[in-house]
Trainee: 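Take a look at the following structure, please.
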Amino acid sequence: MSVRVRFAPSPTGPLHIGGVRTALYNYLLAKQQGGAFILRIEDTDQKRLVPGAEDYIKQSLEWLGLTPDEGPGYGGEHGPYRQSERKDLYAKYAEQMVADGNAYYAFDTPEELDKMRKDQEALGHHSAKYDARIRLQMRNSLTLDQEEADKLIAEGKGIIRLKMPADEDVSFVDLVREKVTFNTDQLDDKVILKADGMPTYHLANIVDDHLMEITHVIRGEEWLSSTAHHVLMYRFLGWEAPKFTHLPLILKPTGKGKLSKRDGAKFGFAVFPMEWYDKKEEVTYAGFKESGYDPKALLNFLVLLGWNPGNDEELMSIERMTELFSLDKIVKSGARFDVDKSKWFNQQYLMSTPDAHLLPPVKAIKPEGLVVEDAYLTKVIGLMKERVHHYGDFYTEGSYFFSAPTEYDDKQIKKRFKPEIVPHLEVIKAMVSTHSGDPSAMSTAVKGYLSDKELKMGVYLPLLRIMICGRLTGPDLFDIIVALGAEETSSRMVKASEYFNATLS
RNA sequence: GGCCCGUUCGUCUAGGGGUUAGGACGCCAGGUUUUCAUCCUGGUAGCACGGGUUCGAAUCCCGUACGGGCUACCA
């Protein structure tokens, strides 16, 4: 049987970075095994549905290169892939479980449930569950007489709850954690079919996984505690359960708890693949895409957050990850999100990618109003890529490639500037014009002149750099000058000389 | 509170009875460079704690502490 995995997000908001990693692991297993990667939209909670969220999820997956083989809009033999469109499928399985005595109808109102919980709280029971101890005190098809129950069911007032067997150890194998066991006495009678006729996650999930012939369930650790319910339902329905793998959570960079959407702003990085505007909160959440990350670097960073190939390889293409991936190498404990390391991965990606390939994404993030030719931008990319971390840095760190400096590093100038150097700078300016197309000739000429006159390179070159760039960091000075051209360079030198003379002499 | 899962440098991790506990990011120092970055060399720093098993424990067992998840007609 060929491997079929699914990524099953709920369209209640943007795709979280943890979700991206879950999608990635699913994708890698599918590709490695020659199987199918399925996108399923779990929109059974109509109240929490957010318009645009599904599109956002799909666009994010596309941007990341994790294109589903099947899913809404992607075709496939097991559709529809949106649970709201599968609504009518679920009830019969819930009813079958009722008929078999493994589930029952319940008629309690939200107020009654609330009262039960409060009463139990008063008796000293924390977070009371609707379970074997409670169910016979509530209004359901177990306690009401048949006629009354049938009437309520006919009126559509019933929901369906799973009936947990008494005192039974339910074990299942988690591919990461090995054997995990829950006792049914600790488990509640979960609602599986809601009043609006929609299934809850638990029912929809196992029905769809079965119908879509899913072989491996790879999901976040937050589902580990309800897996026993799922295993029981597979058994009640006489179905074979898929293999389970629960992924450790991604934690905040510092402090307690899992990474949340607000941590992005708090720590100054993105927690979503792409920018997302939250209409309710009227806030825009930053995206990795807009922050200047390349999806390949992001994925490389994420794949190592909770998994390793078993050797020292860190820099991997998607193809390489696919080759090396294995579920049993997934780590058990939660991983903190390390912004510094994510930056390093992006820089590594930049350095190892041909300049021309970098052009489109760099252009895509170009500041408004800036006009620059492809050939020139490509040149700048080549000169700058090993000293930046994100796509946007080409414009900020390399601002002097696009416009003359508007301010100069006064501290550095004062350290070196003396009036008597001015004539020498004039000579250098002339050399720049003579060798405007050849950085090495220019370099030789200027350095030759300096050494002939016994002038210090450590004084003149930095000063020259400040005149042209305004600051003391950047690529080889002569490469910059050649890129800028003789005319622009001369004009910057004139402008800078005026500034030096006016403010320093 | 209950149940479940976890705990190796600051961070991501390798190692699963005998290792000088390895790598990567970060940080620090040195080299290269006009500068920054890259690159190279070196350094810093870790087995949560307490018992037990064993000739021997980071590794196996128990307990404690700490962290995490779940505990909805949410996923």
Side-chain angles (χ1 to χ4, degrees), chain A residues 8-12 42-45 47-48 83 106 108-110 113-114 117 121 124-131 159-161 174 176-177 180-183 185-188 190-202 204-205 219-228 246 248-249 251 253-254 256-258 301 304-315 329 331-345 347 351 383-389 397 412 443 446-447 450 456-466 469 471-478:
Chain A
S10 178
T12 53
E42 308 225 328
D43 56 350
T44 53
D45 186 351
K47 295 185 294 290
R48 294 206 313 152
Q83 289 183 329
D108 314 283
T109 62
L113 288 171
D114 200 43
R117 292 196 179 100
E121 189 85 25
H125 300 294
H126 269 269
S127 311
K129 294 184 289 286
Y130 201 115
D131 62 9
I159 58 154
I160 297 180
R161 282 183 182 275
D174 177 284
V176 171
R177 275 156 250 270
V180 181
T181 304
F182 289 86
N183 187 283
D185 284 350
Q186 302 294 338
L187 271 24
D188 63 338
K190 281 215 184 309
V191 173
I192 54 174
L193 200 68
K194 301 189 274 191
D196 63 358
M198 278 285 190
T200 58
Y201 171 89
H202 308 290
N205 204 258
R219 68 209 332 180
E221 194 184 318
E222 69 268 27
W223 294 110
L224 187 62
S225 348
S226 46
T227 304
H246 291 93
L249 268 22
L251 277 16
T254 58
K256 289 185 174 189
K258 65 175 175 182
F301 167 65
L304 261 5
L305 229 48
W307 172 83
N308 70 83
N311 58 32
D312 286 340
E313 277 189 66
E314 286 209 283
L315 267 8
K329 283 295 199 181
V331 168
K332 295 180 180 67
S333 48
R336 280 192 195 278
F337 188 98
D338 182 349
V339 186
D340 280 333
K341 195 144 188 180
S342 78
K343 287 165 74 171
W344 180 78
F345 273 105
Q347 182 186 37
M351 288 195 296
L383 292 174
M384 288 297 290
K385 67 181 183 182
E386 67 190 24
R387 42 206 115 216
V388 301
H389 292 99
E397 295 297 307
Q412 295 297 337
S443 171
V446 173
K447 287 176 183 169
L450 291 176
K456 283 183 183 160
M457 286 215 296
V459 170
Y460 283 79
L461 263 8
L463 271 178
L464 194 56
R465 179 183 289 279
I466 289 174
C469 305
R471 57 167 122 172
L472 226 40
T473 60
D476 183 275
L477 182 55
F478 300 102

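Convention: sequence-line order gives letters A, B, ...; per-chain numbering from 1. All of these numbers come straight from a predicted model, not from anything done at the bench.
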Trainee: A:S127 has a side chain; which of B:rA75, B:rU13, B:rG1 sits nearest to it?
Mentor: B:rG1
Trainee: Using purine N1 to pyrimidine N3 plus N6-O4 or O6-N4 for Watson-Crick, or N1-O2 and O6-N3 for G-U wobble, both under 3.5 Å, which nucleotide pairs with B:rC25?
Mentor: B:rG10
Trainee: Among B:rU11, B:rU71, B:rC5, which nucleotide sits nearest the side chain of A:E221?
Mentor: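 The answer is B:rC5.
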Trainee: Looking only at atom C1', what distance separates B:rC49 and B:rC12, rounded to whole Å?
Mentor: 24 Å
Trainee: Taking the side chain from A:D43 and the backbone from A:Q83, do they hold a donor-acceptor pair closer than 3.5 Å?
Mentor: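 Answer holds: yes.
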Trainee: Taking the C1' atom in each of B:rU33 and B:rU44, what is the distance between them to the nearest angstrom?
Mentor: 26 Å
Trainee: Out of B:rG6, B:rC73, B:rG69, which nucleotide sits closest to the side chain of A:R117?
Mentor: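 Out of B:rG6, B:rC73, B:rG69, the nucleotide with an atom closest to A:R117's side chain is B:rC73.
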Trainee: Any base atoms under 4.0 Å from A:S333, or only sugar-phosphate, or nothing? Heavy atoms, all strands.
Mentor: sugar-phosphate
Trainee: Is A:R387 side chain donor-acceptor paired with the B:rC36 base, going by distance under 3.5 Å alone?
Mentor: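 Counting by modelled atom types and ignoring angles, a donor-acceptor contact under 3.5 Å is found here.
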Trainee: Is any side-chain N or O of A:K256 closer than 4.0 Å to OP1 or OP2 of B:rG67?
Mentor: yes
Trainee: For A:K258 and A:E221: C-alpha separation, side-chain torsions, deciding distance, then whether salt bridge (Lys or Arg N to Asp or Glu O under 4.0 Å) applies.
Mentor: CA-CA 11 Å; A:K258 65 175 175 182; A:E221 194 184 318; over 6 Å; no
Trainee: Using both distances under 3.5 Å as the test, list the Watson-Crick or G-U wobble partner of B:rG18, or none.
Mentor: B:rC55
Trainee: With no hydrogens and no angle check, is any side-chain donor or acceptor of A:D108 less than 3.5 Å from a backbone partner on A:L113?
Mentor: no
Trainee: Nearest to the side chain of A:V331 - B:rA14, B:rA75, B:rU38?
Mentor: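 Taking heavy atoms from C-beta onward, the closest nucleotide is B:rA14.
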Trainee: Which heavy atom of A:K332 sits nearest to which heavy atom of A:V176, and what is that distance?
Mentor: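 The pair with the smallest heavy-atom distance is CE-O, 3.6 Å.
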Trainee: Measuring from the side chain of A:L461 (C-beta onward, heavy atoms only), which nucleotide among B:rU38, B:rU71, B:rU34 has the closest atom?
Mentor: B:rU34
Trainee: Using Watson-Crick or G-U wobble geometry with both distances under 3.5 Å, which nucleotide pairs with B:rC73?
Mentor: none
Trainee: Identify whether any heavy atom of A:G310 sits under 4.0 Å from a base atom; if not, whether one sits that close to sugar-phosphate; answer base, sugar-phosphate or nothing.
Mentor: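 Result for A:G310 = nothing.
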Trainee: Taking all atoms of both residues into account, what is the closest heavy-atom pair of A:L187 and A:A228, and its distance?
Mentor: CD2-CB, 3.7 Å
Trainee: Rounded to whole angstroms, how far apart are CZ on A:F182 and C1' on B:rC3?
Mentor: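 To the nearest whole Å, that distance equals 7 Å.
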Trainee: Identify which nucleotide among B:rG10, B:rU38, B:rG69 has an atom closest to any side-chain atom of A:S225, counting heavy atoms from C-beta outward.
Mentor: B:rG69
Trainee: What's the closest nucleotide to the A:D45 side chain, out of B:rC73, B:rC70, B:rA75?
Mentor: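 The listed nucleotide nearest to A:D45's side chain is B:rA75.
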Trainee: Whether A:T44 contacts B:rC74 is assessed here as follows: a side-chain N or O lying under 4.0 Å from the phosphate OP1 or OP2. Is that the case?
Mentor: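 No.
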Trainee: When the C1' atoms of B:rC61 and B:rG10 are considered, how many whole Å apart are they?
Mentor: 31 Å
Trainee: Think A:K329 has a side-chain N or O under 4.0 angstrom from the OP1 or OP2 of B:rC12?
Mentor: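 The answer is no; no side-chain N or O of A:K329 sits under 4.0 Å from OP1 or OP2.
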Trainee: Can you tell me how far C1' in B:rG26 sits from the matching atom in B:rC3, rounded to whole Å?
Mentor: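 Pairwise C1' distance, B:rG26 against B:rC3, rounds to 38 Å.
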Trainee: Mind calculating the distance between CD (A:Q347) and P (B:rC36) to the nearest angstrom?
Mentor: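 It is 15 Å, rounded to the nearest whole Å.
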Trainee: Measure the distance from NE2 on A:H202 to P on B:rC70 and round it to the nearest whole Å.
Mentor: 11 Å
Trainee: Identify which nucleotide among B:rA75, B:rU38, B:rC25 has an atom closest to any side-chain atom of A:K194, counting heavy atoms from C-beta outward.
Mentor: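 My answer, after comparing the listed nucleotides, is B:rA75.
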Trainee: NA contact type, A:R219, heavy-atom cut-off 4.0 Å: base, sugar-phosphate, or nothing?
Mentor: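 The residue A:R219 makes no contact with any strand.
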Trainee: Using OP1 and OP2 only, check whether a side-chain N or O of A:K47 sits under 4.0 Å from B:rC74.
Mentor: yes
Trainee: Reckon A:L224 touches a base, only the sugar-phosphate, or nothing at all at heavy-atom distances under 4.0 Å?
Mentor: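 A:L224: backbone/sugar contact only, no base atoms under 4.0 Å.
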Trainee: If you look at every strand shown and take non-hydrogen atoms under 4.0 Å, does A:T254 touch a base, only sugar-phosphate, or nothing?
Mentor: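 The answer is nothing, as A:T254 stays clear of every strand by at least 4.0 Å.
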Trainee: In whole angstrom, what separates A:R48's CZ from B:rA72's P?
Mentor: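 Distance, rounded to whole Å: 14 Å.
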Trainee: Would you please classify the geometry between the A:F301 ring and the A:F337 ring as parallel, tilted or perpendicular, with 30° and 60° separating the classes?
Mentor: perpendicular
Trainee: Any donor and acceptor pair, going by atom type alone, linking the side chain of A:K194 with main-chain N or O of A:T44 inside 3.5 Å?
Mentor: yes
Trainee: Could you pick out which residue, A:T473 or A:L305, lies toward the 5' side of RNA chain B when each is mapped onto its nearest nucleotide?
Mentor: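 Nearer the 5' end of the strand: A:L305.
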Trainee: Can you tell me whether the side chain of A:K341 and the base of B:rA24 have a donor-acceptor pair closer than 3.5 Å?
Mentor: yes
Trainee: Mind checking A:D108 for me? I need base, sugar-phosphate or nothing, with any heavy atom below 4.0 Å counting as a touch.
Mentor: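 The residue A:D108 makes base contact.
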Trainee: Look through every strand shown and name the nucleotide pairing with B:rU32 as Watson-Crick or G-U wobble, where both distances are under 3.5 Å.
Mentor: none
Trainee: Using Watson-Crick or G-U wobble geometry with both distances below 3.5 Å, tell me the partner of B:rA48, or none.
Mentor: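 Because both required distances fall under 3.5 Å, B:rA48 counts as paired with B:rU64.
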Trainee: Whole angstroms only, please: what is the CG-C1' distance between A:L477 and B:rA37?
Mentor: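 Going from A:L477 (CG) to B:rA37 (C1'), I get 15 Å.
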Trainee: I need the CG-P distance between A:N183 and B:rC5, as an integer number of Å.
Mentor: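 Distance check: A:N183 CG to B:rC5 P gives 13 Å.
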Trainee: Base, sugar-phosphate, or nothing: which does A:R161 touch, judged by heavy atoms less than 4.0 Å apart?
Mentor: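 Answer is sugar-phosphate: A:R161 comes under 4.0 Å of backbone atoms only.
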Trainee: Hey, what do you get for CG (A:L477) to CG (A:L464), rounding to the nearest 0.5 Å?
Mentor: 5.0 Å
Trainee: Hey, is the main chain of A:E386 close enough, under 3.5 Å, to the side chain of A:Q347 for a donor-acceptor pair?
Mentor: yes
Trainee: How long is the line joining OH of A:Y201 and P of B:rA72, in whole Å?
Mentor: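 Taking OH of A:Y201 and P of B:rA72, I get 17 Å after rounding.
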Trainee: Counting any heavy atom closer than 4.0 Å, what does A:G257 reach on the DNA or RNA strands: base, sugar-phosphate only, or nothing?
Mentor: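 The residue A:G257 makes sugar-phosphate contact but no base contact.
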Trainee: Expressed as a whole number of Å, how far does the P atom of B:rU64 sit from that of B:rC28?
Mentor: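 The answer is 43 Å between these two P atoms.
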Trainee: For the residue pair A:D188 and A:K129, what are the closest heavy atoms and their distance?
Mentor: CB-CB, 3.6 Å
Trainee: With heavy atoms under 4.0 Å as the rule, sort A:P253 into base, sugar-phosphate or nothing.
Mentor: nothing
Trainee: May I have the distance from A:R177 (atom CZ) to B:rC70 (atom P), rounded to whole angstrom?
Mentor: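 Rounded to whole Å, this separation is 13 Å.
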Trainee: Determine the interatomic distance between P on B:rC60 and the same-named atom on B:rG69; round to the nearest Å.
Mentor: 25 Å
Trainee: Given B:rC39, B:rG2, B:rA72, which nucleotide is nearest the side-chain atoms of A:M351?
Mentor: B:rC39
Trainee: Distance check, C1' atoms only: B:rA14 and B:rC9, in whole angstrom units.
Mentor: 13 Å
Trainee: Using a 4.0 Å heavy-atom cut-off, does A:D196 contact any base of the nucleic acid, only the sugar-phosphate backbone, or nothing at all?
Mentor: nothing
Trainee: Toward the 5' end of RNA chain B, which comes first, A:G124 or A:R336, by nearest nucleotide?
Mentor: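 Result of the comparison: A:G124.
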Trainee: Check every strand shown and say whether A:K447 touches a base, only sugar-phosphate, or nothing at a heavy-atom separation below 4.0 Å.
Mentor: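 Sugar-phosphate, no base atom in range.
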Trainee: If the C1' atom of B:rG30 is compared with that of B:rU19, how far apart are they to the nearest Å?
Mentor: 30 Å
Trainee: I want to verify a distance call: between B:rG69, B:rC12, B:rC73, whose nearest atom is closest to the A:E222 side chain?
Mentor: B:rG69
Trainee: Determine the contact category for A:A195: base if any of its heavy atoms lies under 4.0 Å from a base atom, sugar-phosphate if only primed atoms, P, OP1 or OP2 are that close, otherwise nothing.
Mentor: base
